[in-house]
Student: 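Submitted below is the structure of interest, expressed as structure tokens.
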Amino acid sequence: MEQLAIGLGNRAYNIYIGQGILSRSGDLIREIFSGKRAALLSDETVWAIYGQTIMASLEQMGITAIPILLPPGEASKSLSNLESVLEQMAAARLTRSDLLIALGGGVIGDLGGFAASVYMRGIDYVQIPTTLLSQVDSSVGGKTAVNLAHGKNLAGAFWQPRLVILDTDTLDSLSPREFAGGMAEVIKYGVLADPILFDQLARIGGRPGIEPALPGIIRQCCAIKAAFVERDELDRGERMLLNLGHTFGHAIERHGEYTRFLHGEAVALGMVFAARYSEALGFARPGIAREIRNLLADFDLPMDTAIPIEAIISHISLDKKATGDTLRLILIREIGDCFIHETTAAEFAQRMYAL
Ligand code: NAD
Ligand code: GLY
């Protein structure tokens, strides 16, 4: 088992990464929790596969878990489900010194973290991410949220977990499409900050060859994310770079009404737009977009969309990252070197039509 520390002063925590460590979760949780009761939030799919393993492990350590289950999928990341989770925690008479454990993908992690941040003005929680996307991204860094009718992640809080337990064996049961979605975030880290990782992925050349290297790759992604979070926990500057591909991606997700594209697929398409835009403006050398597209294709991700440019422009102009007329895009200089670019909605639209 590997250990990675997130250095955030009195909110510092560890990420444990290993194969089969779900069955040791009770043991690991005991390091940060001396109480007896925990809400165990999961979705029905994940619960059916891993619920008993974790329940047994918690029981061995004298922790009684109260399971709270939601249907799988993005639609569950709602304010009404947040309310229902909080009510179930209150009905179970959980107190401020009890714990919430979020077992599942980013939907469960985001909603669970938000529930922990507001329940009795904030209780401790542990992330046990079970998708590739949540293992390399959403479980680390303390961004929690639910979606509103007006858009994704519009209500939330920064609330760091006390511990992240990352069992790479859980990825075995993930569908190929969900695995590919997670690979979009892995590739994002390469484009953003790590040309060696990008080259390693290009050499591996696709899912079939990745298994032996996967724990190391996941650890590297968490380390990159940790470094950004440590330098800018509240997302006021440098952390925004982690949103490479996301401004375009959110527009694509919204256009697909959050059902057509997985988050990772939208991020993949978003990275291609960011790369093309960077090339067109002369920030990136010609050919970068093609290299990124090739790597995405290797890992079974979409690289092209038939969504009209007008739709993307209109969704992005409404993007929550827009401040007044200013849009912040994450653009690419070189593999491993990205930057924040500010532009106006009008200039952005003009450039997009010229792509
Ligand atoms: P998800 O939680 O919906 O999981 C995807 C699907 O996989 C679900 O149907 C789930 O039941 C299933 N699943 C999960 N683990 C499984 C396993 N081991 N075996 C079989 N099936 C499994 O989605 P996700 O892709 O993990 O996360 C997407 C969410 O994460 C989005 O809401 C996004 O906004 C959020 N996100 C948050 C951050 C952050 O920093 N907080 C970062 C990136 C994404
Ligand atoms: N997923 C982007 C962030 O955590 O900042």
Side-chain angles (χ1 to χ4, degrees), residues 6 22 41-51 53-54 69-78 81 102-114 117 127-148 151-161 164 166-186 188-189 192 221-222 224-247 249-250 253-254 258-259 261-267 270 321 330:
I6 311 290
L22 201 62
L41 180 68
S42 194
D43 76 34
E44 285 149 6
T45 304
V46 174
W47 180 255
I49 312 174
Y50 300 109
T53 306
I54 183 166
L69 302 186
L70 297 174
E74 187 68 32
S76 280
K77 219 173 96 174
S78 66
N81 277 339
L103 169 72
V107 165
I108 291 300
D110 279 14
L111 188 142
F114 193 22
S117 80
Q127 290 273 20
I128 307 187
T130 60
T131 61
L132 181 55
L133 182 141
S134 57
Q135 294 192 351
V136 297
D137 191 356
S138 61
S139 65
V140 178
K143 272 191 186 175
T144 76
V146 294
N147 303 326
L148 300 183
K152 262 182 73 110
N153 299 329
L154 290 187
F158 286 95
W159 193 247
Q160 299 292 342
V164 182
L166 206 157
D167 183 346
T168 53
D169 278 356
T170 60
L171 303 180
D172 294 346
S173 54
L174 209 56
S175 72
R177 188 175 173 204
E178 292 287 354
F179 186 89
M183 280 307 299
E185 299 284 357
V186 173
K188 176 196 82 178
Y189 288 113
L192 177 62
C221 294
C222 290
I224 294 171
K225 175 142 190 191
F228 279 96
V229 171
E230 284 166 2
R231 289 194 293 263
D232 176 23
E233 184 187 358
L234 300 182
D235 203 15
R236 297 207 169 106
E238 203 185 334
R239 182 170 177 169
M240 288 181 209
L241 290 167
L242 291 171
N243 284 332
L244 171 64
H246 285 60
T247 302
H250 284 161
E253 277 184 289
R254 206 181 308 176
Y258 300 106
T259 52
F261 299 100
L262 295 181
H263 177 72
E265 291 168 348
V267 168
K321 284 177 201 72
I330 311 307

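Whatever order the structure lists them in is the order used to number ligands and atoms, beginning at 1. What you see below is based on every heavy atom in this structure, not just the backbone, and it leaves out hydrogens, waters and symmetry mates. Just so it is clear, the structure is predicted and the values come from calculations on it, not from any experiment.
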Student: Have a look at ligand 1 and work out which part of Leu262, if any, has a heavy atom under 4.0 Å from it: side chain, backbone, both or neither.
Tutor: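 It is neither part, as no heavy atom is under 4.0 Å.
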Student: Can you list every protein residue that has a heavy atom under 4.0 Å from any atom of ligand 2, sorted by chain and residue number?
Tutor: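 Around ligand 2, where the cutoff is 4.0 Å for heavy atoms, the contacting residues are Asp137, Lys143, Lys225, Arg239, Leu242, Asn243.
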Student: Which residues satisfy the side chain to side chain donor-acceptor pair (under 3.5 Å) test with Gln127, sequence neighbours excluded?
Tutor: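 By the side chain to side chain donor-acceptor pair (under 3.5 Å) rule, Gln127 matches no residue at all.
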Student: How far is atom 15 (N) of ligand 1 from the closest protein heavy atom, and which atom is that?
Tutor: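 Scanning the protein heavy atoms, the shortest distance from atom 15 (N) of ligand 1 goes to Thr130 OG1, 2.8 Å.
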Student: Quick check: does any side chain N or O of Gln135 sit under 3.5 Å from a backbone N or O of Leu166, one acting as donor and the other as acceptor?
Tutor: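 A pair under 3.5 Å: no.
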Student: With heavy atoms only and a cut-off of under 4.0 Å, state how Asn153 meets ligand 1: side chain, backbone, both or neither.
Tutor: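 For Asn153, only side-chain atoms sit under 4.0 Å from ligand 1.
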Student: Could Asp137 and Lys225 be called an ion pair, given the rule that one side-chain N must be under 4.0 Å from one carboxylate O?
Tutor: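 Here Asp137 pairs with Lys225 in a salt bridge, since their nearest N and O are under 4.0 Å apart.
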Student: What part of Lys225 sits under 4.0 Å from ligand 1 if we count only heavy atoms: the side chain, the backbone, both or neither?
Tutor: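 Side chain only; the backbone of Lys225 stays clear of ligand 1.
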Student: Can you sort out which atoms of ligand 1 are near Asp43, meaning under 4.0 Å from one of its heavy atoms?
Tutor: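 What qualifies from ligand 1 is 10 (C), 11 (O).
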Student: Looking at OH of Tyr50 and CG of Asp167, how far apart are the two atoms once the value is rounded to the nearest 0.5 Å?
Tutor: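 Here the rounded value is 7.5 Å.
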Student: Measure Val107 to ligand 1 on non-hydrogen atoms and call it side chain, backbone, both or neither using the 4.0 Å cut-off.
Tutor: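 Within the 4.0 Å criterion, Val107 contacts ligand 1 through backbone and side-chain atoms alike.
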Student: Below the 3.5 angstrom mark, is there an N/O of Arg239, backbone or side chain, next to an N/O of ligand 1?
Tutor: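 No: no nitrogen or oxygen of Arg239 is under 3.5 Å from one in ligand 1.
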Student: Report the residues that fulfil salt bridge (Lys or Arg N to Asp or Glu O under 4.0 Å) with Glu233, sequence neighbours left out, ordered by chain and then residue number.
Tutor: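 Expected list: Arg11.
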Student: Would you please name every residue forming a salt bridge (Lys or Arg N to Asp or Glu O under 4.0 Å) with Arg236, sequence neighbours left out?
Tutor: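 Arg236 satisfies salt bridge (Lys or Arg N to Asp or Glu O under 4.0 Å) with no residue once adjacent residues are dropped.
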Student: Please could you name the atoms of ligand 1 that Gly105 approaches to less than 4.0 Å, counting only its heavy atoms?
Tutor: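 So the answer, numbered in order with elements, is 2 (O), 26 (O).
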Student: Within the structure, does Lys143 bring an N/O atom to less than 3.5 angstrom of an N/O atom in ligand 1?
Tutor: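 N/O-N/O distance below 3.5 Å exists for this pair.
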Student: Is there a nitrogen or oxygen of Thr170 sitting under 3.5 Å from a nitrogen or oxygen of ligand 1?
Tutor: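 Checking ligand 1 against Thr170, an N or O pair does fall under 3.5 Å apart.
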Student: What protein heavy atom sits nearest atom 38 (C) of ligand 1, and how far away is it?
Tutor: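 Residue, atom and distance for the closest contact: Ser138 CB, 3.2 Å.
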Student: Could you verify whether a donor N or O on one side chain and an acceptor N or O on the other, from His263 and Glu74, lie under 3.5 Å apart?
Tutor: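 Not at all, the side chains of His263 and Glu74 share no donor-acceptor pair under 3.5 Å.
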